[in-house]
Amino acid sequence: YVLEHDELIINDAIRRELSRGGQVFYLYNFVETISYTADKIRSAFPEANVVVAHGKMDKDQLEDIWRDMITGEIDVLVSTTIIEVGVNVPNASLMIVENAERFGLSQLHQLRGRVGRGDTESHCILVSDAKGEDATARFEILCKDNDGFRIAEEDLKLRGPGDFFGSRQSGLPTLKIASLMTDT
């Protein structure tokens with residue numbers, strides 16, 4: 001699902017997931033204010049065990065968090081993108097991604113793959129206040145397709161390849177020699 005930020009809807013989705021015994025990944029990719037976001041969730045769900053994880057934490061502390069998440073001791077994990085790969089929590093069946101417009105489609109596809117690894121139906125909610133045709137087109141691609149390669153191709157068409165020998169990660173190159181899509 002794609003929606004504008006609405007705490008009532010987000011809290012309702014979390015409530016539903018917790019009521020059926022599931023776990024939630026809440027992706028919030030700003031380390032500086034991640035604790036504030038976790039505190040808002042804690043105040044809305046005082047009965048839930050809400051934990052924060054991000055890449056600036058100690059390795060041993062993160063290992064404890066992963067173990068607690070896998071064993072079901074954590075109800076809501078508010079995390080940065082460190083959950084993108086290598087995390088297998090079969091009981092996690094709700095992913096909420098704040099500021100989804102800040103991510104590439106391939107990364108969003110990878111993130112939504114963190115849920116739905118068990119027998120329970122899973123959901124991914126992309127929260128974005130971005131307006132415009134580009135944002136709409138990007139989210140439509142992700143909502144209609146599960147093939148990571150096709151999603152990456154569409155993302156490349158929309159955002160451009162960026163610089164091969166520079167630091168830009170998107171946009172059209174200044175000197176066009178060939179198309180990555182058609183001249184492979």
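Side chains are part of it too, since the values below use all heavy atoms of this structure and drop only hydrogens, waters and symmetry mates.
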- V97 versus M95: any side-chain heavy-atom pair under 4.5 Å? yes

Donor-acceptor pairs are to be reported for all side-chain atoms of residues 60-67 against protein atoms at under 3.5 Å, with residues two or more places apart or in another chain.
residue, atom, partner, partner atom, Å
D64, OD1, R67, NH2, 2.4

- Taking a hydrophobic cluster as the set of Ile, Leu, Val, Met, Phe, Trp and Tyr residues connected by side-chain heavy atoms closer than 4.5 Å, whether directly or through intermediates, do I10 and F139 fall within one such cluster? no

- Message: Which residues end up grouped with L8 if you chain together Ile, Leu, Val, Met, Phe, Trp and Tyr wherever their side-chain heavy atoms are less than 4.5 Å apart?
- Response: none

- Item | Residues that, via side-chain heavy atoms closer than 4.5 angstrom, fall in one hydrophobic cluster with F149 | none

- Contact summary for V127 and H5, nearest pair of heavy atoms: CG1-CA, 3.6 Å

- Query: When rounded to the nearest 0.5 angstrom, what distance separates OG in S79 from CG in N29?
  - Reply: 8.0 Å

- Task: Could I get the full list of side chain to side chain donor-acceptor pair (under 3.5 Å) partners for E73, not counting sequence neighbours?
- Result: T71

- Quick one: closest heavy-atom pair of A53 and L77, and the distance? CB-CD1, 3.8 Å

- Message: Are L3 and L105 linked, directly or through intermediate hydrophobic residues, by side-chain heavy-atom contacts shorter than 4.5 Å (ILVMFWY only)?
- Response: no

- Message: Could you tell me if the side chain of L18 sits less than 4.5 Å from the side chain of F45, heavy atoms only?
- Response: yes

- Message: Check for me, please, whether L27 and V50 land in the same ILVMFWY cluster - side-chain distances under 4.5 Å, paths through other members count.
- Response: no

- Message: Going by ring-ring contact (aromatic ring centres under 6.0 Å, His included), name the residues that satisfy it together with H123, two or more places apart in sequence or in a different chain.
- Response: Y1

- Message: Does K131, at its NZ atom, have more than 12 non-hydrogen atoms belonging to other residues, nucleotides or ligands within less than 6.0 Å?
- Response: yes

- Got I83 and T81 here, is their nearest side-chain heavy-atom distance under 4.5 Å? no

- Between CD1 on residue I74 and CG on residue D68, distance to nearest 0.5 Å: 5.0 Å

- Message: Testing the basics here: between A130 and S128, what is the closest heavy-atom pair and its distance to 0.1 Å?
- Response: N-OG, 3.1 Å

- Message: Applying side chain to side chain contact (heavy atoms under 4.5 Å, CB included), can you list everything that pairs with A13, at least two apart in sequence or on another chain?
- Response: L94, I125

- Note on the structure: Looking only at heavy atoms, the pair that brings I70 and V89 closest together is CG1-CG2, 4.2 Å

- Query: Should V24 and L108 be regarded as members of a common hydrophobic cluster, given that ILVMFWY residues are connected when their side-chain heavy atoms come within less than 4.5 Å of each other, either directly or indirectly?
  - Reply: no

- Taking it one step at a time, do V78 and V51 satisfy side-chain contact (heavy atoms from CB on, under 4.5 Å)? CA-CA 6 Å; V78 182; V51 175; over 6 Å; no

- Task: May I have all residue pairs that pass salt bridge (Lys or Arg N to Asp or Glu O under 4.0 Å) and include part of residues 90-109, sequence neighbours excluded?
- Result: none

- Hits for side chain to side chain contact (heavy atoms under 4.5 Å, CB included) against Y36, two or more places apart or cross-chain, chain-then-number order -> K40

- Query: How far apart are the closest heavy atoms of A44 and N11, and which atoms are they?
  - Reply: CB-ND2, 3.8 Å

- All heavy atoms of S93 vs all of G22, minimum pair found to be OG-CA, 4.5 Å

- Item | side chain to side chain contact (heavy atoms under 4.5 Å, CB included) partners for S106, two or more places apart | A152

- Task: Would you list the pairs meeting ring pair (Phe, Tyr, Trp, His ring centres under 6.0 Å) in which at least one residue belongs to residues 6-32, sequence neighbours left out?
- Result: Y28-F30

- Message: If you apply the rule side-chain contact (heavy atoms from CB on, under 4.5 Å), what do you find for Q23 with M69, and how did you get there?
- Response: CA-CA 8 Å; Q23 292 170 280; M69 189 70 180; 3.6 Å; yes

- Can you name the residues that form a side chain to side chain donor-acceptor pair (under 3.5 Å) with S19, not counting sequence neighbours? none

- Query: Who passes salt bridge (charged side-chain N to carboxylate O under 4.0 Å, His left out) against D12, sequence neighbours left out?
  - Reply: R16

- Task: Calculate, to the nearest 0.5 Å, the distance between atoms CZ and CD belonging to R20 and E121 respectively.
- Result: 6.5 Å

- Message: Let me check something: do L126 and L111 share a hydrophobic cluster, defined by ILVMFWY side-chain heavy atoms less than 4.5 Å apart, either directly or through other members?
- Response: yes

